[in-house]
There are 4 protein chains.
Amino acid sequence: MNRSSTPSPERAVPPTPRGQRTRQRLLRAAETVFGEKGYEHASIADITREGGVALGTFYVYFPDKKSLFVEVVDGLGERLRRLIAESVEGLEDRLEVEREGLRAFFRFANEHRNLYRIVRQAEFVDEACYRRYYVTFARGYARGLKQAMAEGQVRRLDSETLAWCLMGIGDYLGMRWVLWEGEQGQEQVLDTAMDFIRHGMDDRPAVAEPDNKRRKPRSARAPRRDTR
Amino acid sequence: MNRSSTPSPERAVPPTPRGQRTRQRLLRAAETVFGEKGYEHASIADITREGGVALGTFYVYFPDKKSLFVEVVDGLGERLRRLIAESVEGLEDRLEVEREGLRAFFRFANEHRNLYRIVRQAEFVDEACYRRYYVTFARGYARGLKQAMAEGQVRRLDSETLAWCLMGIGDYLGMRWVLWEGEQGQEQVLDTAMDFIRHGMDDRPAVAEPDNKRRKPRSARAPRRDTR
Amino acid sequence: MNRSSTPSPERAVPPTPRGQRTRQRLLRAAETVFGEKGYEHASIADITREGGVALGTFYVYFPDKKSLFVEVVDGLGERLRRLIAESVEGLEDRLEVEREGLRAFFRFANEHRNLYRIVRQAEFVDEACYRRYYVTFARGYARGLKQAMAEGQVRRLDSETLAWCLMGIGDYLGMRWVLWEGEQGQEQVLDTAMDFIRHGMDDRPAVAEPDNKRRKPRSARAPRRDTR
Amino acid sequence: MNRSSTPSPERAVPPTPRGQRTRQRLLRAAETVFGEKGYEHASIADITREGGVALGTFYVYFPDKKSLFVEVVDGLGERLRRLIAESVEGLEDRLEVEREGLRAFFRFANEHRNLYRIVRQAEFVDEACYRRYYVTFARGYARGLKQAMAEGQVRRLDSETLAWCLMGIGDYLGMRWVLWEGEQGQEQVLDTAMDFIRHGMDDRPAVAEPDNKRRKPRSARAPRRDTR
DNA sequence: CATGAATGAGATTTCATTCAT
DNA sequence: AATGAATGAAATCTCATTCAT
């Protein structure tokens with residue numbers, strides 16, 4: 001929401017609707033081009049060409065390439081968070097929330113196939129913006145987890161750590177099965193992941209642990225054999 | 001998009017020891033400079049300066065900038081995998097292996113603080129090399145998990161999915177608590193993460209669920225519309 | 001090199017008082033901005049911003065940037081000459097005129113600290129305008145001196161040469177002690193300068209020379225060899 | 001001698017003679033092009049074209065346009081001072097020194113017709129370098145005058161003020177009769193100027209003043225009203 | 001083996017000016 | 001009268017790569 005390094009208070013929004021439109025056009029074009037070519041190889045000329053405006057027009061709306069990029073990243077983050085929030089709205093079971101959230105993330109990553117490429121470039125373009133993307137997400141995530149813990153739906157673990165673990169899972173699965181593999185076997189992966197998220201990976205009878213959290217569970221479910 | 005998918009066909013190793021040394025110097029310099037400035041902003045001149053050799057010397061040992069970069073990334077991956085392998089050697093309890101592997105990764109990331117930056121840049125420099133980094137790691141990881149499952153140490157889950165989940169966890173925790181926070185509270189995070197990895201996050205007695213994962217909520221909502 | 005040597009053929013004066021005001025605002029803004037940034041770095045946008053009008057408004061009143069600049073320079077010259085004329089009005093002693101003129105110039109330079117910067121830029125913007133500034137000044141100056149010579153107040157010297165000498169003195173003293181040093185010791189400098197202007201720098205009894213200026217030294221030396 | 005704003009210690013002199021030559025070529029080309037077009041309109045491309053090297057070569061020897069310019073200005077100042085010093089070497093009569101110095105300056109200005117244009121641009125390019133040009137000159141000038149005063153050759157006046165007066169005279173005469181008029185009547189102007197420099201402009205018998213410079217007029221006037 | 005001078009394509013950015021409203 | 005969006009030419013600067021020594 002705030003401009004990171006440059007503390008210029010207002011993101012100069014052009015007053016006329018015509019200007020508004022042009023600005024939006026540039027933002028959309030930028031998302032495409034940054035995704036395709038990466039920040040460094042995306043030239044302003046590429047972006048304006050994609051947006052259908054003249055080169056100089058760019059500088060009417062953005063002070064430089066970096067600012068535009070930061071705005072794109074912030075925008076993606078916001079949209080992603082909103083989509084996930086909407087997707088899990090109304091769900092009461094926290095594990096359902098996890099599953100649906102993951103699914104929503106996959107969907108978003110699939111539609112914005114440049115998401116990964118763009119966010120990762122951010123590290124080199126504007127570190128603050130890069131961290132903001134993750135930190136903002138993590139904050140909301142942890143908050144949700146904490147509440148679920150309070151409600152007794154989730155074991156009591158450090159909510160921040162847990163949030164980052166779950167984000168890491170989503171990120172890696174998304175990279176591997178959405179970005180690289182395109183939909184292929186996504187549902188199955190989701191099932192496996194949810195199983196892991198729910199019960200962890202330990203096989204040995206939990207009973208042995210006198211005061212700890214669960215028991216045998218394992219046995220009851222389909223053993224989901226190895227894929228491939 | 002990129003051409004040299006071939007994993008370095010002829011990595012001309014210089015015959016003389018003097019040449020060997022120069023080549024190593026350049027590789028080491030490159031790791032530093034790529035980490036600091038990123039691939040695009042690291043110039044050959046920067047690298048040779050850092051390595052203490054003349055500009056032209058670079059082209060005696062590497063055909064171009066990209067080749068050098070790929071070699072650096074491959075090298076990092078190899079060293080990381082070797083370090084982890086050594087760190088868990090002899091451990092029998094798979095969960096111990098997980099914990100020590102994670103710890104070793106943290107150590108490596110801490111010593112090679114540019115690891116993240118370098119690997120992530122790879123996506124835009126040579127996609128093949130980028131994937132190789134993850135895929136090679138995942139392959140070995142999955143193999144280990146499969147064996148542990150065979151030994152009954154780990155629940156039977158799809159080993160590849162599980163490997164990627166665990167890699168994601170390590171990656172995110174490392175980014176957040178090694179790269180950004182520098183050692184601070186690392187052990188505690190490790191404990192929490194291991195707890196989660198072992199038992200998952202579900203609090204409710206796993207026995208209770210006969211065969212299905214979720215309850216009511218679903219019904220209330222629209223049946224998850226199709227994504228575009 | 002420059003085209004518009006014609007001293008502004010049709011300086012379109014707007015008929016309405018509102019237009020008059022806007023035009024004046026632009027002229028004043030231009031003096032400020034040209035002084036601060038120099039001609040090349042002063043953009044039309046800077047000037048209109050400073051003047052509080054929209055960019056396009058500029059071209060309602062001036063055909064281009066250069067015209068505006070020329071008008072600013074001409075205006076400064078005029079105001080300077082008028083100020084000096086007023087300051088020495090009524091003085092009968094020519095040396096008093098010199099002193100007061102100098103003082104008036106200092107005052108003007110102090111109030112228009114961008115005077116120097118603007119006039120000097122003129123050389124590269126419109127040579128004609130640049131020369132006009134000096135030549136107009138010199139013409140009036142020489143006329144005054146000639147009259148003072150006729151009245152026997154000033155020794156008979158070529159009035160034009162003398163005018164340029166005195167202008168040079170004023171210019172340099174103003175640069176050094178008004179522009180750079182800000183008032184500091186200005187009066188003392190003025191006294192010294194007037195002493196020099198009055199009597200020159202020769203120490204040897206002026207009486208001895210009935211009508212000619214120099215003595216022996218000349219003869220003693222080699223007759224000034226040719227340079228290069 | 002020192003690099004003004006940029007305190008980069010050494011003016012990176014290329015080690016090989018070939019580099020030396022190229023660097024010199026660029027400096028010479030720059031003097032020409034800056035003089036012809038002015039700093040702002042002289043493009044790096046113009047300079048390298050004039051110097052017969054490729055565009056990129058420029059940046060092998062100079063970090064930017066400004067640095068090159070500063071070096072040109074400093075060089076001009078040095079050469080000018082050296083030429084004048086050589087021209088007056090051996091002269092004992094200070095007034096002879098003045099005359100010959102002036103003559104040498106005219107000669108220099110005539111050969112380097114871009115001197116004025118270049119130095120004046122300096123004000124907008126690097127103020128420090130601009131002042132250095134004048135201040136360095138003035139310092140040496142004042143030193144010479146002081147000594148002449150000590151020897152009783154020149155009346156005792158503040159030497160610094162006197163130096164700036166004389167510099168102003170030279171500058172303006174050079175502009176008017178060397179730059180604009182080209183040699184025309186230069187000698188005559190020189191004679192007039194020397195006459196003025198020697199005796200000043202006051203016509204009234206200097207004898208009458210036993211030791212002080214002015215007479216009545218002062219009294220008649222209001223006591224010099226306040227300047228603003 | 002090693003050097004470093006030279007190249008020129010390409011990228012970002014600025015800005016005077018036009019024009020529809 | 002006034003506005004401000006849009007344009008595109010031109011300028012500075014970077015840098016991978018080549019090559020003669």
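Note that the coordinates shown come from a computational prediction; the quantities given were computed from them, not determined experimentally.
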**Item:** Between P of E:dA6 and CD of D:Q20, the distance in whole Å
**Value:** 11 Å
Return the polar atom pairs (N/O with N/O) between nucleotides 8-10 of chain F and the protein under 3.5 Å, or none.
unit_1: F:dG8; atom_1: N7; unit_2: A:G56; atom_2: N; d: 3.1

**Message:** Testing the basics here: between A:A30 and A:V72, what is the closest heavy-atom pair and its distance to 0.1 Å?
**Reply:** CB-CG2, 3.9 Å
**Asked** Given that A:G52 and D:D64 both sit by DNA chain F, which one's nearest nucleotide is further toward the 5' end?
**Response** A:G52
**Message:** Is the phosphate of F:dA1 approached by C:Y61 (side-chain N or O, under 4.0 Å from OP1 or OP2)?
**Reply:** no
**Distance in Å, A:R23 CZ paired with A:F58 CZ, rounded so as to fall on 0.5 Å steps** = 9.5 Å
**Asked** The side chain of A:T22 lies closest to which of these nucleotides: E:dA16, F:dA5, E:dT7?
**Response** F:dA5
**Euclidean distance, atom CZ of residue C:R49 to atom P of E:dT14 [Å, nearest integer]** = 12 Å
**Closest non-hydrogen atom pair, B:N114 against B:T32** = ND2-CA, 4.2 Å
**Item:** Pair C:E127 + D:R117, salt bridge at N-O below 4.0 Å
**Value:** yes
**Asked** Whole-Å distance between F:dG4 C1' and C:F58 CZ?
**Response** 16 Å
**side-chain N/O B:R18 vs E:dA2 OP1/OP2, d < 4.0 Å** = yes
**Request:** Extract the stems that DNA chain E is part of, considering only consecutive pairing runs of at least three Watson-Crick or G-U wobble pairs, both distances under 3.5 Å.
**Result:** E:2-21 with F:2-21
**Fill in**
Rounded to whole Å, CZ of C:F69 lies from P of E:dA16 at a distance of 14 Å
**Message:** With side-chain contact (heavy atoms from CB on, under 4.5 Å) as the test, pick out the partner of D:V73 among D:L68, D:I118, D:D126.
**Reply:** D:I118
**Cation over ring face, C:K65 and C:Y39, 6.0 Å, 45°** = yes
**Request:** Identify, with sequence neighbours excluded, every residue that meets side chain to side chain contact (heavy atoms under 4.5 Å, CB included) alongside B:Y59.
**Result:** B:I44
**Phosphate contact (E:dT3 OP1 or OP2) by D:T16 side-chain N/O below 4.0 Å** = no
**Asked** Has A:Y59 got a side-chain N or O lying under 4.0 Å from the OP1 or OP2 atom of E:dT13?
**Response** yes
**Prompt:** What's the CZ-C1' distance between C:F62 and E:dT18, to the nearest Å?
**Reply:** 18 Å
**Request:** Quickly work out the D:K66 NZ to F:dC13 C1' distance and round it to whole Å.
**Result:** 16 Å
**Asked** Near DNA chain F, under 4.0 Å by heavy atom, which residues of residues 24-46 of chain B?
**Response** B:A42, B:S43, B:I44
**Request:** On DNA chain E, check which nucleotide each of A:P63 and D:V53 is closest to and give me the residue with the more 5' one.
**Result:** D:V53
**Message:** Run B:E31 and B:H112 through side-chain hydrogen bond (donor to acceptor under 3.5 Å, both in side chains) and show every step you take.
**Reply:** CA-CA 9 Å; B:E31 190 181 318; B:H112 301 263; 3.0 Å; yes
**Request:** May I have the step-by-step check of side-chain contact (heavy atoms from CB on, under 4.5 Å) for B:I47 and B:F62, ending in yes or no?
**Result:** CA-CA 12 Å; B:I47 293 168; B:F62 301 92; over 6 Å; no
**Item:** Residue pair C:R120 / D:Y130, side-chain donor-acceptor N/O under 3.5 Å
**Value:** yes
**Asked** Can you list the residues that meet the salt bridge (charged side-chain N to carboxylate O under 4.0 Å, His left out) rule with B:R25, with sequence neighbours excluded?
**Response** none
**Message:** Rounded to whole Å, please give me the gap between CZ in A:R23 and P in F:dG4.
**Reply:** 17 Å
**Request:** Sequence neighbours left out, what passes salt bridge (charged side-chain N to carboxylate O under 4.0 Å, His left out) with D:R49? Give chain and number order.
**Result:** D:D46
